[in-house]
Colleague: 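Quick one: structure below, then a few questions.
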Amino acid sequence: MGNYNTIQGGKGYVKRSKRKKLAIDDSLNKPVSTHDGIKSVMADNLCNFSTNSDLCICMVTWNMNGQVSYEDLVELFGNNRGFDLLVVGLQEVPRKDLARLLQDALVDTHELLGEATMQSLQLYVFGTKNSYMFVEEMKVDKHGVGGCGGMRRRKKGAVAISINYKGLKLVFITCHLSAHARNVEERNSQCRHISHSVFSKYCNNPYTNPAHITVWLGDLNYRLQGINTHPARNLIHRNLHKLLRSKDQLLQEAERGQIFNGYCEGTLAFKPTYKYNIGSSNYDTSYKVRVPAWTDRILFKIEDPNKITANLHCYESVDDIYSSDHKPVRAHLCLKVHK
């Protein structure tokens, strides 16, 4: 993604592992940096939307499985609406006017600033009332990968919004990557391809500056590796799902130096978000009896942590929504700019 923070390279916060490996940018065929993997960040749940932060962002990702209700959208955002921006990444969106439904759910507090859509893959950015006056520039882009996921309109790929808001350049990317546990390398390749392709048409402009923060949110579809469904479910039932983090393919691949160098993610303290029986909080009881997994994720990268401090105040699943086989995931991030 050129100057818009490619997945390779960058600085980090708290390391998940002390191991470092040499990452290779295949497009340039030369070493780019040591690779630190994804950095784990503890959510402190302390934000009171005070003047201590310059920008508070609520981010939500949800694979909707082709279903939606107004009540679910209200539940999705919660009761605390003090954030400056709300970013909503959706996958497998039904054939409805989601922009209108979202605006109806947020009408009392926020207004739509921008949207990027590619069939069932959609991304929306909302700001507080009259916040459009803080938007200096906005671009949208999209990039498809692979097939249609077995069902019509269920598009794989990514859509993205780049927005200059209050002097900060923010890039949000929502994606839906290839399914199935065996397709790890395919997902890695899709991540790299999206990262190098989205907004690449702007990168030859010498006046284009890198984003201050880049956020990926979506159904990345990484699964658990090396554990069967019943042992995994037993650990979840005993509230020991933290022991499954070492089996998570996304963290494994990042540690191997394949993807998301310099990115941060909140600690996976919530239960795996896939796959549930629709209408319940019970994991899949179909004949496939799928292994639960953290398919739905939110990751972020600060271009220069010496200039911007990012505090994660929330990283959680929204368990009281039952209309999909995925649980939504929500994060609350506040930024402080050092003058």
Colleague: Which residue in the set Val318, Val60, Thr61 passes side-chain contact (heavy atoms from CB on, under 4.5 Å) when paired with Val329?
Modeller: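 Filter result, single survivor: Thr61.
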
Colleague: With a 4.5 Å limit on heavy-atom distance, are the side chains of Ile194 and Val145 in contact?
Modeller: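 They are in contact (side-chain heavy atoms under 4.5 Å apart), so the answer is yes.
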
Colleague: Within the supplied structure, the quantity of interest is the number of heavy atoms (other residues, nucleotides, ligands) at a distance under 6.0 Å from Asn228 CG; does it exceed 12?
Modeller: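 No, CG of Asn228 has 12 or fewer neighbouring heavy atoms, counting only those of other groups under 6.0 Å.
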
Colleague: Which residues satisfy the side-chain contact (heavy atoms from CB on, under 4.5 Å) test with Met138, sequence neighbours excluded?
Modeller: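 Residues passing side-chain contact (heavy atoms from CB on, under 4.5 Å) with Met138: Leu113, Val135, Ile161, Ile163.
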
Colleague: Against the six-membered ring of Tyr276, is Lys327 placed for a cation-pi contact (under 6.0 Å from the centre, within 45° of the normal)?
Modeller: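 Because its charged atom sits under 6.0 Å from the ring centre and within 45° of the axis, Lys327 does stack over Tyr276.
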
Colleague: Is there a chain of hydrophobic side chains (I, L, V, M, F, W, Y, each step under 4.5 Å between heavy atoms) that links Ile38 to Val184?
Modeller: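 In one cluster with Ile38: Val184, yes.
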
Colleague: Report whether Tyr132 and Leu168 are members of the same hydrophobic cluster (ILVMFWY, side-chain heavy atoms less than 4.5 Å apart, transitive linking).
Modeller: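 Hydrophobic grouping puts Tyr132 with Leu168.
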
Colleague: Any chance the side chains of Ser323 and Asp72 put a donor and an acceptor closer than 3.5 Å?
Modeller: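 Result is yes, a qualifying pair exists.
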
Colleague: State yes or no: are the ring centers of Phe270 and His241 separated by less than 6.0 Å?
Modeller: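 That pair fails the under 6.0 Å test.
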
Colleague: Distance only, no hydrogens: is a donor on one side chain within 3.5 Å (strictly under) of an acceptor on the other, for Arg81 and Asn79?
Modeller: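 Result is no, nothing qualifies.
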
Colleague: Do Gln91 and Ser120 have a side chain donor and acceptor closer than 3.5 Å?
Modeller: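 Result is no, nothing qualifies.
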
Colleague: Report the residue from His180, Glu253, Gln249 that forms a side chain to side chain donor-acceptor pair (under 3.5 Å) with Arg187.
Modeller: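 Only match with Arg187 under side chain to side chain donor-acceptor pair (under 3.5 Å): Gln249.
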
Colleague: Could you check if a side-chain atom of Cys191 sits within less than 4.5 angstrom of a side-chain atom of Leu177, using non-hydrogen atoms only?
Modeller: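 Yes; the side chains approach each other to less than 4.5 Å.
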
Colleague: Working to the nearest 0.5 angstrom, can you tell me the gap between Ile308 CD1 and His212 NE2?
Modeller: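 Reported to 0.5 Å precision, the distance equals 5.0 Å.
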
Colleague: Can you confirm whether more than 12 heavy atoms, excluding those of His338, are under 6.0 Å from its NE2 atom?
Modeller: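 It does: His338 NE2 has more than 12 such atoms within range.
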
Colleague: State, with a plain yes or no, whether a side-chain heavy atom of Val289 is found less than 4.5 Å away from one of Arg233.
Modeller: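 Yes, side chains in contact.
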
Colleague: Find the distance between NZ (Lys275) and OG1 (Thr273) and round it off to the nearest 0.5 Å.
Modeller: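 Output value for this atom pair is 12.5 Å.
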
Colleague: Would you find a donor on one side and an acceptor on the other, under 3.5 Å apart, between the side chain of Ser317 and the backbone of Asp319?
Modeller: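 Looks like no, no N/O pair under 3.5 Å.
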
Colleague: Dump the intermediate steps for salt bridge (charged side-chain N to carboxylate O under 4.0 Å, His left out) on Lys39 and Glu255, then the final yes or no.
Modeller: CA-CA 10 Å; Lys39 288 74 183 172; Glu255 187 175 333; over 6 Å; no

Colleague: Going from CD on Glu115 to CZ on Phe126, what distance comes out if it is rounded to the nearest 0.5 angstrom?
Modeller: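 Here the interatomic distance stands at 8.0 Å.
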
Colleague: Going by an N to O cut-off under 4.0 Å, is there a salt bridge joining Lys129 and Glu111?
Modeller: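 No salt bridge links Lys129 with Glu111.
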
Colleague: Specify whether Phe260 and Tyr263 have parallel, tilted or perpendicular ring planes, treating 30° as the upper limit for parallel and 60° as the lower limit for perpendicular.
Modeller: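 Correct class here is perpendicular.
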
Colleague: Strictly below 4.0 Å, N to O, side chains only: are Asp284 and Arg290 in salt-bridge contact?
Modeller: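 Salt bridge flag = yes for Arg290 with Asp284.
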
Colleague: In Å and rounded to the nearest 0.5 Å, what is the OG to CE distance from Ser69 to Met64?
Modeller: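 Here the interatomic distance stands at 8.0 Å.
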
Colleague: State plainly whether the residues Glu303 and Lys301 are in salt-bridge range, i.e. N to O under 4.0 Å.
Modeller: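 Looking at Glu303 and Lys301, the cut-off is not met.
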
Colleague: Could you tell me whether Arg297 and Glu265 have a side-chain N and a carboxylate O separated by less than 4.0 Å?
Modeller: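 Counted as a salt bridge, because a side-chain N and a carboxylate O are separated by less than 4.0 Å.
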
Colleague: Is the shortest side-chain heavy-atom distance between Lys336 and Asn311 below 4.5 Å?
Modeller: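 Side chain of Lys336 against side chain of Asn311, heavy atoms only: no contact under 4.5 Å found.
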
